[in-house]
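Per chain, numbering begins at 1; letters A, B, ... match sequence-line order. The structure displayed is predicted, hence computed values, not measured ones.
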Amino acid sequence: MSEAGASPAVNQSAKGVKPMDAIMALCKRRGFIYQASEIYGGINGFWDYGPLGAQLKKNLRDAWWEDMIMRPCWGRKGPNGREVVCVPVETCIIQHPKVWEASGHVAGFNDPMVDCKETKGRYRYDHVMVFVPESGNPGDKPVFAYVGDQPSEAKQKKKAEKTFGSITSVALSSLPKPWDRVIAPDAEKPGSLTEPRMFNLMFDTIPGAIRDEANRAYLRPETAQGVFVQAKNVWDTTRVRVPFGIGNTGRSFRNEVTPRNFTFRSREFEQAELEFFCHPDESQDWYRFWRDFRMEWWKSIGLAGDNLILREHDKDELSHYSCGTSDVEYRFPFTAPGFGELEGIAHRGCFDLTQHQAHSKVKMEYNDTERGELLPNGSRRGERYVPHCIEPAAGLDRGALALICEAYTRDESRPSPEFMKFHPRVAPIKAAVFPLVNKDGMPEMAEKLHTELHNRFWRLGAVEMDEKQSIGKRYARMDEAGCPYCFTIDGDSLKDQTVTVRDRDSGQQSRMSVDRVKAFLEEKLGA
RNA sequence: GCGGGUGUAGCUCAGUGGUAGAGCGUCACGUUGCCAACGUGAAAGUCGACGGUUCGAAUCCGUUCACCCGCUCCA
């Protein structure tokens, strides 16, 4: 999952932006999100979920698991005309350090690095050399940076000789800053190199009782690599056939330079990633398939308005190995009028498996017995290849935050102006039961209904009973928690066994037989 | 990383050197017959933390932590 950040405004004014302060206050007040270690003053970049937030996030995670692993894409067929097959794994936060060397994450961890703003290249500071005129004085002409033994060396040398004639090379570190006349290795314009910086983007730790630097390991910065290093085991041991997906969810850790924007950029966060493996020839079809489905999925759980967009990366934004990447982006109050990434869907080609094959010396080729030459006996010879991979990688904390922001609604005309309009599927409290008045047999009948509903729906979320204070306050409390349906037992209920159901969003009430309540909720909750 | 702002009860905030406050929420009792109703009462804060000045600090000074906003950054 990349970090594209907010994209530019697209014809949207900032008006109608919800107040982030009020959303954060509600999150605290109602127990959605607390600051981590709050009693000690908090810790930068870490957040905890309270009871409602934990259930909300669980519902989001469950929805992902159900719709991506258990019944992928709601049972629809993939571009190959067959049902989509996905299996789960659960891999460790700490992997062998070589995993992160192969993935490219470790590069630049221990050494000062310079970045190129133009090409997005990153170089070890002490590896960057510069061609300068032999006289030592380039005047107002640019000088040419390169990295030894890289293609950039010959290219830059040619340009430098054309500019200065006889040249010599010096270390970048010997040049005075700012380097506004330095043309970076693969860049066109001068001045694109940043100051050298130490990057400490992965958290590290030292497994083993004796503290020994040689044992240094890292907390994973993404769950995806756990899938790649086990992909061969999965296709060797589980009878899954390409094309198929492997899902992995869990915590990841990044030492973000600037944690910001509530939980949006946290140092500890949870991902839900799918790596979908397919034949190279089919990869473009699968890429489009997953991109479109993931957008549709986020809409289905309540991000249905124009605050959600699918943004295809420009060519110059793509990683060098990717031939397509899209982001599902949400217009958060703090990114408006721009957007922030919820999920990246990347065509990763065979980059990751090839990298691990090279570093581990373990063949990552898949033997596809549905392909290859047809033999006289009717079977196939089989085709061996490194599968290509489509990666829909979602951030669950960002997803939960988007659900919260989208749900937050203020309507001054309502008795309870502030309420959370969660989609029933993700709402942490699914239903509540109230005795209109706490006497005359109403509490007993309410308790009976509450028990019945709880026994039926506890797997999905809370079913609450509230008999305290006035009926209006109880409705308001449930509105703020985002509970979609409240059932009230009144005097008539005891006579004719009916109850009223109140719809959170409209405030409308209707009466139904108490026997029908369970079926009503089953339908509304899709249970 | 730079600049600005904020930090006092669960939430929103008042309190500029002399007894720690309000509204809302929460809880209890009573009342209450469908939308944050009413009455009475209660609980709840080492004033972000540490240090300094002072007879005395929520208040002044220094340091620090956290959050928000704008730049920067985001392998």
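In terms of the salt bridge (Lys or Arg N to Asp or Glu O under 4.0 Å) criterion, A/Glu188 has no residue partners (sequence neighbours excluded). In this view, A/Glu444 satisfies the salt bridge (Lys or Arg N to Asp or Glu O under 4.0 Å) rule with no residue, not counting sequence neighbours. Partners of A/Glu480 under the salt bridge (Lys or Arg N to Asp or Glu O under 4.0 Å) rule, at least two apart in sequence or in another chain, are A/Arg29, A/Arg30. Residues passing the salt bridge (Lys or Arg N to Asp or Glu O under 4.0 Å) test with A/Arg267, sequence neighbours excluded: none.
B/rG33 makes up no base pair with any nucleotide shown, lacking Watson-Crick or G-U wobble contacts both under 3.5 Å. B/rU26 is paired with B/rA42 under the Watson-Crick or G-U wobble criterion, all donor-acceptor distances under 3.5 Å. Base pairing of B/rA9 is not made with any nucleotide, judged by Watson-Crick or G-U wobble geometry with both donor-acceptor distances under 3.5 Å. The nucleotide B/rG3 finds its pairing partner in B/rC69, both defining distances of the Watson-Crick or G-U wobble pair being shorter than 3.5 Å. For B/rA58, there is no paired base (Watson-Crick or G-U wobble, both distances below 3.5 Å). Taking a pair to require two hydrogen-bonding distances under 3.5 Å in either a Watson-Crick or a G-U wobble arrangement, B/rU53 remains unpaired.
Counting only residues at least two apart or on different chains, the salt bridge (charged side-chain N to carboxylate O under 4.0 Å, His left out) pairs with a member in residues 495-506 of chain A are A/Asp479-A/Arg502, A/Asp492-A/Lys495. Applying the ring pair (Phe, Tyr, Trp, His ring centres under 6.0 Å) rule to pairs touching residues 489-515 of chain A yields nothing, sequence neighbours excluded.
B/rG51 and B/rA22 have their P atoms separated by 30 Å, given to the nearest Å. Taking atom C1' in both B/rC24 and B/rG62, one finds a spacing of 37 Å when rounded to whole Å. For the C1' atoms, the distance from B/rA36 to B/rC11 is 14 Å, rounded to whole Å. For the C1' atoms, the distance linking B/rG52 with B/rU12 amounts to 33 Å, nearest Å. B/rG25 and B/rA37 are spaced 7 Å apart, taking the P atom of each and rounding to whole Å. Between the C1' atoms of B/rU26 and B/rA9, the separation comes to 11 Å (whole Å). Only the P atoms considered, B/rG33 is 27 Å distant from B/rA42, to the nearest whole Å. Between B/rG23 and B/rU16, the two C1' atoms lie 23 Å apart (nearest whole Å).
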Using a cut-off of 4.0 Å between protein heavy atoms and nucleotide atoms, how would you tag nucleotides 25-38 of chain B 5' to 3' with B, S and -?
SSSS---BBBBBB-

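Other residues, nucleotides and ligands contribute at most 12 non-hydrogen atoms within 6.0 Å of the NZ atom of A/Lys98.
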Between side-chain atoms of residues 32-43 of chain A and protein atoms elsewhere (two or more places apart, or another chain), which donor-acceptor pairs fall under 3.5 Å?
{"from": "A/Glu38", "atom 1": "OE2", "to": "A/Lys28", "atom 2": "NZ", "distance (Å)": "3.4"}

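Counting to the nearest Å, the C1' atom of B/rA75 and the CG atom of A/Asp352 are 15 Å from each other. Distance, A/Phe269 CZ to B/rC74 C1': 12 Å, rounded to whole Å. Computed from coordinates, the A/Phe339 CZ to B/rC74 C1' distance equals 20 Å when rounded to whole Å. Atom CD1 of A/Ile39 and atom C1' of B/rU46 are 13 Å apart (whole Å).
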Check nucleotides 61-68 of chain B for protein N or O atoms closer than 3.5 Å to its own N or O atoms and list the pairs.
{"from": "B/rA66", "atom 1": "OP1", "to": "A/Asn44", "atom 2": "N", "distance (Å)": "3.4"}
{"from": "B/rA66", "atom 1": "O4'", "to": "A/Gly41", "atom 2": "O", "distance (Å)": "3.1"}
{"from": "B/rA66", "atom 1": "O3'", "to": "A/Gln35", "atom 2": "NE2", "distance (Å)": "3.2"}
{"from": "B/rA66", "atom 1": "O2'", "to": "A/Gln35", "atom 2": "NE2", "distance (Å)": "2.3"}
{"from": "B/rC67", "atom 1": "OP1", "to": "A/Gly45", "atom 2": "N", "distance (Å)": "3.3"}
{"from": "B/rC67", "atom 1": "OP2", "to": "A/Asn44", "atom 2": "OD1", "distance (Å)": "3.3"}
{"from": "B/rC68", "atom 1": "OP1", "to": "A/Phe262", "atom 2": "N", "distance (Å)": "2.5"}

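Among the candidates A/Glu275, A/Glu391, A/Glu273, the single residue satisfying the salt bridge (Lys or Arg N to Asp or Glu O under 4.0 Å) test with A/Arg348 is A/Glu391. Among A/His105, A/His359, A/His356, the one residue that satisfies the ring pair (Phe, Tyr, Trp, His ring centres under 6.0 Å) test with A/Trp100 is A/His105.
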